[in-house]
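Letters A, B, ... mirror the listed sequences (proteins, then strands); counts begin at 1. What you see is a predicted model; the values in this text were computed from it and never measured.
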Amino acid sequence: MPFDFNERIPIYQQIVEEIKQQIVTEKLMGGDKMPSVRELSQDMDVNPNTVQRAYQELERQNITFSQRGMGTFVSNDVSIKQNIKSEMAESILLQFSQGMKSLGMGNEEIIKSVTDYLERDDI
Amino acid sequence: MINLLKYELKSRKIPTLWVVAGIFIVNLLIAIRFMFLAPSLERLANELVKNPLTTDPLNYISNLDPFLLVVALISSPVIFVFPLFNGISSFRTDYFRNPKYLVASIPKSANQIIGAKLLITLFEAILVSVSFFLWFTSYAYMLMRGASRQYLYMFFNFLSKNIVPSLLGYTAFLFQLLLLILIIYFILVVFKFIRIHKAIKIVIAVIAFNLIGFIESFFTDFFGQMSILDVKVKTYELVSFHFSSTPDAFIVNIGVVVFYISFAIALFYATTYLIDNKMEV
Amino acid sequence: MDLTNSRLSVSNLTKYYGGKCALKNLSFELQQGRVLGLLGPNGSGKTTLLKLIAGLLRQKSGEILIDGVKPSCGTKGCTAFLSDSEFLYSWMKISDAKSYYADFFTDFDSSKFNELLSFMNLDETAFVKSLSKGMKEKLSLSLSLSRNARLYLLDEPLGGVDPVARDKIVSAIIKNYTENSSVIISTHLVDYVEKLFDDVLYLRNGEIALFGNAEDLREEKGKSIDEIYREVFIND
């Protein structure tokens, strides 16, 4: 599927984020084989070198590892998934709290509105 | 090289086939006409011998027949004009029209490309001239069919006695055709580098042609006068189905031959050098 | 054989058309396996540069080396130039164009071409004359990409082509990528193809206005390659 990305941010970073997203949502499980650079670049319609750079970054962050002759695999380390999850949660929280605070809400008010929202039946 | 020849043929085969077909059809019509005409011509010939002053040719043949013969003769320049035209046209297509981008990007040298063009032009010239010659001799044969053996013998003897000079003359004709094409190629390429008005280019082209003609005749005279360079070429005649040599000889000046060949080679390499090293697309 | 990874090396390249300077002292390098975006408005010298590399034009001064060799008969055998003008013989059908390429280019892959043809929805028996502009572009691209060239020079591959066809062309270029070949794509439709570029060269009036790695530029400036283009050429 063509990847809809923002051309103002390095594309490889967006690919890294996308992979992280897939790991957190369990579309990609620990130990799964990653598609080859070529496959992914054709899938996403981007330059293979960009995908290569993304893969290198993922390996650098220990999210994936490569086995000679066999390909690249998602890390089996459970803590990796946890870390990604907390990282992503952190940036969502950052945006959220900044947004809520700009509405003039205090900490207590923020917590109450979150609790009320989550208890609603229609979400 | 084979590929270049193949595509040269592919580009040029249609006009060539039309021309050969045209020669075939026109000559077929004339030949059919002549078949009916032959006895009348013989009678006319006999009458002319008997009464040269009072015989009116139009009593024996219709107005159309000399006309057809003249048509056949007038169309003979096609032997020269058609290959010339085709050779120049294919050069202009490959170097000045849209295909120039394609031709400029294939890994073939100008030597090969131009060489292929000249070879195919030569092939076309031979094809057209041989078709022409075959038809013409076939009328002569049909004409003679009604005539006595003596005339037939005279006809073949005439042909055979003049075979060597004829072949040499034919080779010279083909050579001159290719040389003219080379001259035109050279001038066309040189003109790519001169940025002046079209009208002036025409004037320069005319001057260039005259200059080349002058150089040719100068060297022809210069070497022609040196009898030391003359070579006797034996002629043969057909006697009872054998070729035997005659005391006549046909003279060819080696100096002139060498001059022309060198001139052609120099033009060829000058043209291809300019194309490969200086010309832009 | 060239010892560095440099597939293409251009140094101090200058080209004049009559009195007018088209390229001035241009220098840059392209590594093997990389895609270079050659960006600039019409008349900036993009086509001139590509034609010089392809050996169709002669420079006034400076040097072009493809794997250490000057543009010549030899480099033509491994360089695929996609012209933005028509270049096929008027009597040709698509199958004739295929035979021509197969006969003259040893690196031409006929089965790859057949695949690309069906991908582009083109019929081999069609006469080239009868094709629309968009179809002609697709055909030209198919011919060039079916060669396993070391250097592809694609001059405005998306010009005059509808958006659906553009998608196909972009996909075809990506599919065609190998680590062994380098590609230069010149275009002024930047936003559409910027995801293809490894490096970008902004050419203004025959000089390099900006040259760099696409991703690094995005990071540095927080802008897309297209937005940077508008910045660079704001006065043109």
Side-chain angles (χ1 to χ4, degrees), chain A residues 1-22 33-61 63-64 66-72 84 87-88 90-92 94-95 98-99, chain C residues 5 7 30-37 39 115 119 145 152 158 163-164 166-185 189-200 212-231:
Chain A
M1 47 10 269
F3 186 57
D4 204 11
F5 48 81
N6 180 352
E7 277 128 354
R8 293 183 179 146
I9 311 169
I11 298 173
Y12 83 94
Q13 283 175 7
Q14 295 173 63
I15 296 176
V16 167
E17 287 308 307
E18 172 65 19
I19 301 294
K20 284 180 176 175
Q21 183 78 12
Q22 288 187 6
K33 185 172 191 294
M34 301 280 290
S36 71
V37 169
R38 197 176 185 78
E39 271 166 21
L40 195 61
S41 72
Q42 283 181 30
D43 221 23
M44 288 181 159
D45 254 1
V46 292
N47 185 323
N49 287 326
T50 311
V51 174
Q52 178 70 14
R53 195 166 170 181
Y55 274 30
Q56 280 166 357
E57 181 59 23
L58 285 166
E59 266 192 61
R60 196 189 64 82
Q61 292 184 23
I63 296 171
T64 61
S66 60
Q67 261 189 342
R68 225 156 217 222
M70 301 209 36
T72 308
I84 297 175
E87 233 182 69
M88 286 181 150
E90 174 107 10
S91 64
I92 294 172
L94 177 68
Q95 271 197 307
Q98 276 179 348
Chain C
N5 264 339
R7 175 53 42 86
L30 179 63
Q31 309 303 322
Q32 99 182 23
R34 293 180 78 81
V35 178
L36 172 69
L39 314 175
E115 257 180 60
F119 181 64
L145 292 184
Y152 294 91
L158 302 181
V164 175
R166 274 191 221 151
D167 276 333
K168 293 214 157 185
I169 289 175
V170 169
S171 296
I173 296 174
I174 292 173
K175 228 172 162 178
N176 182 67
Y177 171 90
T178 63
E179 280 140 22
N180 225 353
S181 55
S182 305
V183 184
I184 303 182
I185 302 175
L189 288 170
V190 185
D191 56 349
Y192 214 78
V193 277
E194 62 168 282
K195 60 191 179 179
L196 289 180
F197 303 147
D198 286 306
D199 304 312
V200 285
N213 177 287
E215 296 276 68
D216 291 344
L217 281 172
R218 286 188 184 105
E219 188 145 34
E220 251 176 63
K221 301 195 179 231
K223 297 194 163 105
S224 70
I225 301 298
D226 187 38
E227 284 171 330
I228 300 174
Y229 179 99
R230 285 159 213 273
E231 236 179 49

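- Side chain to side chain, C/E215 and A/Q13 fail the donor-acceptor criterion of an N or O pair below 3.5 Å.
- Each of C/I174, C/L217, C/I225 has some count of heavy-atom pairs under 4.5 Å with chain A, and the biggest count is that of C/I174.
- For chain A, the nearby part of C/K223 is the backbone; its heavy atoms alone come within less than 4.5 Å.
- In this structure, C/Y177 OH and A/R38 CZ are separated by 9.0 Å, a value rounded to the nearest 0.5 Å.
- Across C/D216 and A/R53, no two heavy atoms sit closer than the pair OD1-NH2, 3.3 Å.
- Proximity to chain A (any heavy atom under 4.5 Å) is shown, for C/D226, by neither the backbone nor the side chain.
- Put simply, the side chain of A/R8 never gets that close to the backbone of C/E219: no donor and acceptor are under 3.5 Å apart.
- Judged by distance alone, the side chain of A/N49 and the main-chain N or O of C/G33 form a donor-acceptor pair under 3.5 Å.
- The number of heavy-atom neighbours closer than 6.0 Å to CD of A/Q56, taken from other residues, nucleotides and ligands shown, is above 12.
- Comment: C/R166 does not engage A/D45 in a salt bridge, judged by the lack of any side-chain N to carboxylate O separation of less than 4.0 angstrom.
- Considering A/I9, A/I11, A/N6 as possible partners of C/R218, the one that fulfils the side chain to side chain contact (heavy atoms under 4.5 Å, CB included) test is A/I11.
- Of the atoms belonging to C/E227, it is side-chain heavy atoms, and not backbone ones, that fall under 4.5 Å from chain A.
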